[in-house]
Every structure is written in C-alpha cells, then in structure tokens.
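Each ligand, and each atom within it, is numbered from 1 in the order the structure gives. Values below: every heavy atom of this structure, side chains too, minus hydrogens, waters and symmetry copies.
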Amino acid sequence: MIITIDGPSASGKGTLAKRLAEYLGFAHLDTGALYRAVALSLIMQKKDPSDVAAAKAAAQTLDFDTLDNPDLRDEKTGKIASLVAALPDVRAELLAFQRNFAKNPPGGKKGVVIDGRDIGTVVCPNADIKFFITASPEIRASRRLLELETRGKPVDPGQILKAVQDRDARDETREISPLKPAQDAHLLDTTNLDIDGAFEKALVILNKTGLFQKL
Ligand code: CDP
C-alpha cells in the first residue's frame, strides 16, 4: 500500500505524512531529506551547487542511514537542496532508493507514506492514494519561522517569506519533475487547518477511498 503526499515548502506534508504513517503502522520516507543531505554534503565540502559532478558524486555516496543531522533542516540547506534537486543526474541517483523503499517497506511494514514534490507524479505514479497539500505562502512562511525559532535559529520574517516564494518558483518551474499535483491527487488546503485538522481531513479522504477495508 503506497500513500504519497506532495506539496510546496512548509505546507505541512511532512508532519501529516509522519502522523499518517504512525496511525496506519506504515513506514515513512521524507524524500526532501535526501535532497537536503546532498546539499549538506556539498556545503561541508565547500562545493558550489552548480558543480554537477560534485552533486552527482554526493548523491551516489549518500548514506541513507544517517539522515538525522539537525543541519539538514537549516534554511540554507533547503535552498541549496532546491538547486541540486533541479539536476537530472542527482534525481536519477536518488530514484532507485525511493522506489525500492516503496516496494519493500523497511521493518516488514505493510505500507509506506512518502512525502516530497514528485512522488505521485514520477516516483510512484501507481500509488494507491495521492495527496497534494497546499497552504498560502504567508502561512507557510510563518510555520517555517516557528520551526526555525523553536530550533534556536531565528530569522527575519520578511526574508523567510521571500525564501519560501523563491523556492516555490524554482520547484514549480524546473524542467525535471516539477512540483505539481498528480491528476488523481486529493487536494488538501491547510491554510486554515492545524495539524490535527489536516490529519482529520486526510482520514476522511482515506475512509472515502475504502483504504481501511483493504488493510
Ligand atoms: O521541508 P520543506 O518542505 O521546506 O522542503 P523539503 O521537503 O525538505 O525539500 C527540500 C527541497 O528538496 C525542495 O525545495 C525541493 O527542491 C527538493 N525536493 C525535490 O525536488 N523532490 C522531492 N521529492 C523532495 C524534495
């Protein structure tokens, strides 16, 4: 059973994916962490994100078991992640791991929840259920601000809104795997929903699709 959750930066897709995976007893994969790990590797090697060979090598040598470095969540890492995510060589390197995770959920789990930008469109086009999560740029910027403040990394609110909008534009307009809803995705706008509200709405949608009868 494969559930995909795509959407723009700080739309709440990661939190929803984690909650749904816990609730259903499924494995969860945050694919943004893979692109962030490639970015962090380049930052640590002091390489430029336009260096395609270095980015490809970073993706090839990625240790998928160590995706928990807190620096992965830094705003700078997110920005560089969206730059390297536009490189076809990097995406190609990361595709097999994501598809294998979907096909063979770790821990013998009976399903997966995978979140990202292109999961319903490119990585798992035959997924059982697809979500596309949105929220206004202002709300998403305020969520990101809160996340960074909570981690002791306060930033200028104006800068964050611009960073969110720049990243949206880059992710939506790139040639390879642009951010867009799959045709058969369920759209969920979380602008006026908190985490519990988004979770409840997602459960209603899952119920309507008959997912619980299939489990
Ligand atoms: O946490 P946030 O929603 O801000 O971003 P993320 O999901 O961690 O993704 C970071 C960046 O990786 C995005 O801006 C995308 O450019 C890229 N990404 C992608 O291209 N494809 C994915 N499946 C996941 C992330």
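- Tyr35 and Arg91 share a donor-acceptor pair across their side chains, judged by distance under 3.5 Å alone.
- The protein heavy-atom contact nearest to atom 3 (O) of ligand 1 is Lys13 NZ, 2.7 Å.
- Counting heavy atoms closer than 4.0 Å to ligand 1, residue Ala86 contributes nothing at all.
- Closest to atom 16 (O) of ligand 1 among all protein heavy atoms lies Asp171 OD1, 2.6 Å.
- Closest to atom 19 (C) of ligand 1 by heavy atom, among Arg73, Lys79, Arg117, Glu172, is Arg117.
- By the criterion of a heavy-atom distance under 4.0 Å, the side chain of Arg91, and not its backbone, is placed next to ligand 1.
- The protein heavy atom nearest to atom 8 (O) of ligand 1 is Arg36 NE, 2.6 Å.
- A single hydrophobic cluster is not seen to contain both Leu187 and Leu193; linkage of ILVMFWY side chains at heavy-atom distances under 4.5 Å, directly or through other members, places them apart.
- An N or O contact shorter than 3.5 Å is missing between Asp30 and ligand 1 by distance.
- In Ile119, the part holding a heavy atom less than 4.0 Å from any atom of ligand 1 is the side chain.
- When each of Asp74, Ile80, Asn69, Leu67 is tested with Leu40 by the rule side-chain contact (heavy atoms from CB on, under 4.5 Å), just one qualifies, namely Asn69.
- Although no hydrogens or angles enter the test, the distance criterion places a donor-acceptor pair under 3.5 Å between the side chain of Lys130 and the main chain of Pro125.
- Each of the atoms 1 (O), 2 (P), 4 (O) of ligand 1 lies under 4.0 Å from some heavy atom of Arg144.
- Considering backbone and side-chain atoms together, Ala10 places an N or O closer than 3.5 Å to an N or O of ligand 1.
- Counting heavy atoms from C-beta outward, Phe131 and Ile129 have side chains that approach closer than 4.5 Å.
- Panel note: side chain Thr61, backbone Ala57; a donor-acceptor pair is recorded below 3.5 Å.
- The residues Arg19 and Glu22 are annotated as not salt-bridged, no charged nitrogen and carboxylate oxygen being separated by less than 4.0 angstrom.
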